[in-house]
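Below is one structure, written out as structure tokens, with a few remarks after it.
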There are 2 protein chains.
Amino acid sequence: MRLRDETKERTIREKAIEMIVREGFDGLSMQKLAKAAGVSPATIYIYFKDREDLIRQIYYDEMLTMSTETLAGFDPGMHFEEGMRVQWMNRAQYCLKYPLRMHFMEQMRHSPFHEKFQGDARNPFSTAMKTFVLNAIERKELIKLPLEVYWSVAYAPLYQLIKFHQSKAGMPGWGTFVLDEKTLEKTLELVLKALQP
Amino acid sequence: MRLRDETKERTIREKAIEMIVREGFDGLSMQKLAKAAGVSPATIYIYFKDREDLIRQIYYDEMLTMSTETLAGFDPGMHFEEGMRVQWMNRAQYCLKYPLRMHFMEQMRHSPFHEKFQGDARNPFSTAMKTFVLNAIERKELIKLPLEVYWSVAYAPLYQLIKFHQSKAGMPGWGTFVLDEKTLEKTLELVLKALQP
DNA sequence: CAAAAATAAACGAACGTTCTTTTATTTAAA
DNA sequence: TTTAAATAAAAGAACGTTCGTTTATTTTTG
């Protein structure tokens, strides 16, 4: 029995992410990917059922990593301000540490794949988040509002900031933008001001 | 001389948007598009130089429409709260009126096409926005902050709310979410609370 | 040696694009 | 008013290429 070379699978996954980020899903072809990863096209099919399965597996894997890193040091029972700060810093760190993977996820989230794969995903992330919010509302550390409104006000600004940071161009006509810790902290304070009673 | 049938070009554009929204850029093939629009593949090349030019033209056109509708009834000299309200309502109306086009733009914005096409676009939108913000800061109706931070706090929550509204599934494990005017108004008030001195 | 990994080569299908021909419409000479 | 040249739109079929995937074979290793 010959054992699988795990390096091969990792390389395939990494190169796939690179290709998708650089050229979009359009640009991800199995033959080009094989060449980029230094394997035969047929080898890819040992590890992945087909092209869609490849994308799906990368997506799920990244979803899991993201959830795990976002929840590091986080407890749904935390006080609101502390919990928010932990999450903001975790998310920011993740996005800035793995810009490629982040780009991949962003592209994923806005493509038809997202709805296609959504149903299958089971993550402990949502429930933790829900508990955290309900706790905070009950303690009167957070105003009473629908979960979607909370989510939109609490995290959308963070992701937009990160997108500004990562886009080399910045807003057209604006200067370049660098997201430092101070800016992050200041923006978080604005968001907290909006959400606290 | 035979005249162009303008219906043809419009149909091609519409079907292209539909295909991209339903199947992603992956799913947009010239031959399938031709069939969907009821024309010959060669006809598409009368109106568009090539596949990329097709996407680019649809993008620019939609960019323009979006800017125009967002700036309707808006004046950079407006008071902050009123200006924000006008922009929020305009954006929300646009997104809810043209969900397909909105989806197309979202997909566009997160694909490699965005950076590719960005440099060429010239819109009066950015300058109007910049003036509005600087005015508001000077009048002390808006706290002093970088444009990117302002943008992130002021509009990212709105777009996230709209995305929730449009996704049939909602957050996994959450109920369905419908964005009504009251929710919109309440969220805007939260954002204003964050941004006003 | 048994068995799975890995490959090279090839499959039909679909891709973006173009070539050639036909069709519709305007122009203007008869 | 008729008619034919002129021209661009539109179509259909085909181009060579690349696509995702499979088959047949070889290589590696428990």
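Here is the naming used below: chain letters follow the sequence lines, and residue numbers restart at 1 for every chain.
Note on ring orientation: taking the six-membered ring where Trp is involved, the planes of A:H110 and B:H110 are parallel (angle under 30°, cut-offs 30° and 60°).
With a 4.5 Å cut-off on side-chain heavy atoms, A:E23 and B:P112 do not count as touching. Looking at heavy atoms from C-beta onward, A:L161 lies out of side-chain contact with B:W151 at the 4.5 angstrom threshold. For the pair B:R13 and B:F48, the minimum side-chain heavy-atom distance is below 4.5 Å.
Heavy-atom contacts from other residues, nucleotides or ligands closer than 6.0 Å to CZ of A:R139 number more than 12.
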- Stepwise side-chain contact (heavy atoms from CB on, under 4.5 Å) test for A:M84 and A:V191: CA-CA 10 Å; A:M84 279 285 285; A:V191 168; 3.9 Å; yes
- Task: Show your reasoning for whether side-chain contact (heavy atoms from CB on, under 4.5 Å) applies to B:M30 and B:Y45.
- Result: CA-CA 10 Å; B:M30 302 304 272; B:Y45 288 84; 3.5 Å; yes
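Over its length, the helix from C:dC1-D:dG30 to C:dA30-D:dT1 turns its helix axis by 10°, as judged from the five terminal pairs at each end, rounded to 10°.
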- Note on the structure: 5' to 3', nucleotides 20-30 of chain D under a 4.0 Å protein heavy-atom cut-off (B base, S sugar-phosphate only, - none) gives BBBB---BBBB
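Nucleotide D:dA11 holds its C1' atom 13 Å from the OH atom of B:Y47, rounded to whole Å. In this structure, CZ of B:R4 is placed 16 Å from C1' of D:dA11, rounded to the nearest angstrom. Distance, B:E9 CD to D:dA10 C1': 14 Å, rounded to whole Å. Between the P atom of D:dT17 and the NZ atom of A:K35 lies a distance of 15 Å, rounded to the nearest Å. Spacing between atom CD1 of A:I44 and atom P of C:dA5 amounts to 15 Å, rounded to whole angstrom units. Rounded to whole angstrom, the span from the CZ atom of B:F25 across to the P atom of C:dG16 amounts to 13 Å.
Contact annotation for B:F48: no contact, since no heavy-atom pair falls under 4.0 Å across all strands.
Looking at the side chain of A:I46, the nearest of the listed nucleotides D:dA10, C:dT7, D:dA11 is C:dT7.
Ion pairing between A:K193 and A:E189 fails under the 4.0 Å rule for side-chain N and carboxylate O.
The hydrophobic clustering, which links ILVMFWY residues whose side-chain heavy atoms are closer than 4.5 Å, places A:V149 and A:L134 apart.
Phosphate proximity of C:dA6 to A:K8: present, with a side-chain N or O under 4.0 Å from OP1 or OP2.
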